[in-house]
Student: 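Following this message is one structure expressed as structure tokens.
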Amino acid sequence: MDTRLIAASPAEVETECLVVFALDHSVKEPANRSLSSKGLGSNSNIKDKPEPHLTVKDAAIEKAIADLVASGEVTGKAFETVLLHRPQGLKAKRLMVVGAGKAKSFTHAEVRKAAGSAIRALKPKMIKSCAFIVPDLATGAEDAVRTMVEGALVADFDPDTYRSDRKDLSVKEITVVAPSGSDQGKLQDALTQGRVIGESQNFTRELVNEPSNRLTPTMLADRAKEMCDTVGLKCELMGPDKIKELKMGAFWSVAQGSDEEPRLIVMRYEPEGAPEKPVLGLIGKGITFDTGGISIKPADGMEKMKYDMAGGAAMIGAMRAIALLKPQVKVIGIVCASENMPSGKAQKPGDVQIAMSGKSIEIINTDAEGRLVLADGLFYARTLGCTHLIDAATLTGACVVALGYANAGVFANDEDAYQHFTTALKRSGEKFWRLPLDQEYLDQIRSNIADLMNTGGRWGGASTAAVFLKEFVDDTPWLHLDIAGTAWMEDNKSWIAKGPSGIGVRSLIEFVRSFEIGK
Ligand code: BES
Ligand code: MN
Ligand code: ZN
């Protein structure tokens, strides 16, 4: 998708479709006033009257949609799309009014979704280009432009890669229409940022979408390397010999059961002139397929376990964006890529493994493999000099039980690092909810035979997994993102296709940028 910025009056823009957002200013009237505290007996059947207000003041557009508004067809309700052909007084061929919800809750999160809803409404109509009018947003036009482009790109993605009847419905070009007199340099920069971020999120989604026969650990590593070569990152790929030489006993214990070789992927972003510290370590779980191993999963739904590399893919996407956005901060991305398979070579419950850190682990359930590969990934990041760690993993079903599909889980052992993450969330619009990491959970994973067990029983499963990881980071400031419930969307939304969501990518990018001096 090409993106361009112009400064123009909306009426003058020649385009297949001009897109404008409308907010819902309607006030809810009580259904029966006689029950209200004021005790007014009359007017008992007042209905909510639609009251859409455009997010930009523009007389020509208001005039063009006057009849639509009068008919009640445009309400401004969240993500409603209404299309008008040959709008009078405008040069555009069509005008689309997209609802952006209640005025008081209008933030960049709604801008993303509204822009996305427009794209997804236009795609099946084979409309190949459109122009978005920059809305007035409390946090400013740059924020609006960046998030509009992010939302449009994310919405353009469909996961139908292998359908033989696949049609290219993608929108080829979007134009962002800024008010004349706005700072074009700054807005162009915001547009580029949005583009890099949206494309990187889609790159992650492409990887997550691939089935395990088309994305083995080796192929995932090759895709990461190819990306690194393109954007100018250093990339090192390590196989079984190196993993064993590094004494990554926890990582290897998962990999040993598969005929597919594991890969340790290390991507480095070390910009000239960046301060020595911090060095941020981004560590991702890259299980390209999780059968559960000897503690095998039930057949029902097992096909979904191709997305068990979503944390790793998020790191690869984030590193791409970081390489292109060039923040002045050092970042190392690490992905532990492996399959988790049952076989004659696979580890068994009761086995004891020695992690790279020297800690011993009793394997209770071979399906708790993510924490094993991450234990070594996190420890390895520290040996490379990382001063701050953040990992992302589709780690536990328990996190899905706790938070459902609406929020991903975040755990933190350091308040300052957590503050950086909440700052990042304010810009990314992704939803994470903090879960506890108390010492008590550690009691659940103490083993009789070894230092730790890899599972902690039925209760508090997201937290017992997190405290397991914590044992390998020691005092290094660290965040753990459990994205098991959010990395795959179960339903289509008006702004994003069902399938891989790319959760984490935007927050990771913003997290890194929050460490730039003066930001
Ligand atoms: N990859 C799964 C977690 C998962 C579950 C991801 C659902 C996405 C959706 C992980 O490796 C796993 O199997 N976890 C087990 C741990 C248990 C054996 C302690 C789980 O959550 O059931
Ligand atoms: Mn598992
Ligand atoms: Zn897994």
Side-chain angles (χ1 to χ4, degrees), residues 1-6 15-17 19 21 79 81 96 98 100 108-125 127-135 137 142-161 168-178 187-209 227 230-231 310 313-314 316-325 427-430 487 489 492-510 513:
M1 186 192 274
D2 288 335
T3 48
R4 63 182 188 127
L5 178 78
I6 59 168
T15 170
E16 290 290 312
C17 184
V19 181
F21 301 160
F79 320 126
T81 52
M96 178 176 270
V98 185
H108 61 74
E110 282 68 38
V111 172
R112 271 191 207 84
K113 290 180 181 171
S117 302
I119 294 290
R120 294 198 67 73
L122 292 172
K123 281 188 79 174
K125 299 184 197 297
I127 295 174
K128 296 290 168 196
S129 63
C130 63
F132 286 94
I133 303 173
V134 179
L137 186 67
E142 286 169 63
D143 215 23
V145 169
R146 174 177 54 87
T147 56
M148 214 152 57
V149 175
E150 285 176 14
L153 278 157
V154 166
D156 199 44
F157 176 99
D158 271 299
D160 54 353
T161 324
D168 183 11
L169 297 178
S170 67
V171 175
K172 299 290 175 212
E173 186 196 64
I174 61 164
T175 301
V176 172
V177 185
L187 294 185
Q188 182 59 52
D189 193 40
L191 178 121
T192 307
Q193 287 181 30
R195 190 194 162 88
V196 166
I197 296 170
E199 285 176 350
S200 298
Q201 184 173 343
N202 285 348
F203 177 49
T204 291
R205 293 165 79 199
E206 267 173 42
L207 295 174
V208 175
N209 199 38
M227 178 280 288
T230 312
V231 300
I316 298 170
M319 290 305 291
R320 177 191 184 274
I322 289 158
L324 295 171
L325 296 172
R427 282 176 62 85
S428 75
E430 293 185 325
M489 313 262 309
N492 278 312
K493 304 271 184 207
S494 63
W495 61 89
I496 189 172
K498 79 173 178 192
S501 68
I503 181 78
V505 176
R506 295 203 306 264
S507 300
L508 288 161
I509 299 166
E510 300 297 352
R513 296 168 102 195

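In what follows, every heavy atom counts, from backbone to side chain, and hydrogens, waters and symmetry copies are set aside.
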Student: Any chance you could lay out the side-chain contact (heavy atoms from CB on, under 4.5 Å) test for Thr3 and Val176, step after step, and finish with the verdict?
Tutor: CA-CA 8 Å; Thr3 48; Val176 172; over 6 Å; no
Student: Quick one: pull up CD1 in Ile322 and CD1 in Ile197 and give me the separation to the nearest 0.5 Å.
Tutor: 10.0 Å
Student: Mind checking the OG1-CE spacing from Thr81 to Met96? Nearest 0.5 Å is all I need.
Tutor: 4.5 Å
Student: Could you measure the distance from the CD1 atom of Ile496 to the CE atom of Met489? Nearest 0.5 Å is fine.
Tutor: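 Taking CD1 in Ile496 and CE in Met489, the distance rounds to 5.0 Å.
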Student: Could you pull out the closest heavy-atom pair between His108 and Thr147, with the gap in Å?
Tutor: CB-CG2, 3.5 Å
Student: Could you tell me which non-hydrogen atom of Ala497 sits nearest to which non-hydrogen atom of Asp158, and how far apart they are?
Tutor: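 Heavy-atom minimum between the residues: CB-OD1, 3.5 Å.
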Student: Would you mind reporting whether Leu153 and Gln201 have side-chain heavy atoms less than 4.5 Å apart?
Tutor: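 Sidechains of Leu153 and Gln201: no contact.
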Student: Check Val98 against Ala118 and note the closest heavy-atom contact, atom names and distance.
Tutor: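 Taking every non-hydrogen atom into account, CG2-CB, 3.8 Å.
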Student: Kindly determine whether Val154 and Asn202 satisfy side-chain contact (heavy atoms from CB on, under 4.5 Å), including the steps that lead there.
Tutor: CA-CA 6 Å; Val154 166; Asn202 285 348; 4.2 Å; yes
Student: Suppose we screen for side-chain contact (heavy atoms from CB on, under 4.5 Å). Which residues come up paired with Ala323, at least two apart in sequence or across chains?
Tutor: Val231, Leu233
Student: Does a side-chain heavy-atom distance below 4.5 Å link Asp2 with Lys172?
Tutor: no
Student: Are Thr175 and Thr15 packed together at the side-chain level, in the sense that at least one heavy-atom pair is separated by less than 4.5 angstrom?
Tutor: no
Student: Closest approach of Cys17 and Ile127, non-hydrogen atoms and distance?
Tutor: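 Between these two residues, the closest heavy atoms are CB-CG2, 4.5 Å.
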Student: Between Arg4 and Glu173, is any pair of side-chain heavy atoms under 4.5 Å apart?
Tutor: yes
Student: Could you measure the distance from the CG atom of Asn209 to the CZ atom of Phe157? Nearest 0.5 Å is fine.
Tutor: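 So the CG of Asn209 and the CZ of Phe157 are separated by 5.0 Å.
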Student: Measure the shortest side-chain to side-chain distance between Ile174 and Ile119 over non-hydrogen atoms and say whether it is less than 4.5 angstrom.
Tutor: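 Side-chain contact under 4.5 Å: yes.
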Student: I'd like to check Arg320 versus Glu199 (side-chain heavy atoms, cut-off strictly below 4.5 Å). Are they in contact?
Tutor: yes
Student: Would you check if Glu16 and Lys128 make a side-chain contact, meaning some heavy-atom pair closer than 4.5 Å?
Tutor: no
Student: Test of understanding: with ring pair (Phe, Tyr, Trp, His ring centres under 6.0 Å), list the residues that count as partners of Phe203, not counting sequence neighbours.
Tutor: none
Student: Grab the two heavy atoms, one from Leu508 and one from Ala318, that are nearest each other, plus how far apart they are.
Tutor: CB-CB, 3.9 Å
Student: Apply the side chain to side chain donor-acceptor pair (under 3.5 Å) test between Glu150 and each candidate in Arg112, Gln193, Arg195; give the one that qualifies.
Tutor: Arg112
Student: Any donor-acceptor pair under 3.5 Å linking the side chain of Asp156 with the backbone of Val171?
Tutor: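 Pair found, side chain donor or acceptor close to backbone of Val171.
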Student: For Pro159 and Lys498, which heavy atoms make the closest approach, and how far apart are they?
Tutor: CG-O, 3.3 Å
Student: Drop me the distance from Leu191's CG to Met148's CE, to the nearest 0.5 angstrom.
Tutor: 8.5 Å
Student: What's the separation between atom CD in Glu142 and atom CG in Leu187, rounded to the nearest 0.5 Å?
Tutor: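 Here the rounded value is 6.0 Å.
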Student: Taking the side chain as every heavy atom from C-beta outward, state whether Ile509 and Leu325 have any pair of such atoms under 4.5 Å apart.
Tutor: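 Ile509 vs Leu325: side chains touch.
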Student: Go through the steps to decide whether Glu510 and Ser428 satisfy the test side-chain hydrogen bond (donor to acceptor under 3.5 Å, both in side chains), and finish with yes or no.
Tutor: CA-CA 7 Å; Glu510 300 297 352; Ser428 75; over 6 Å; no
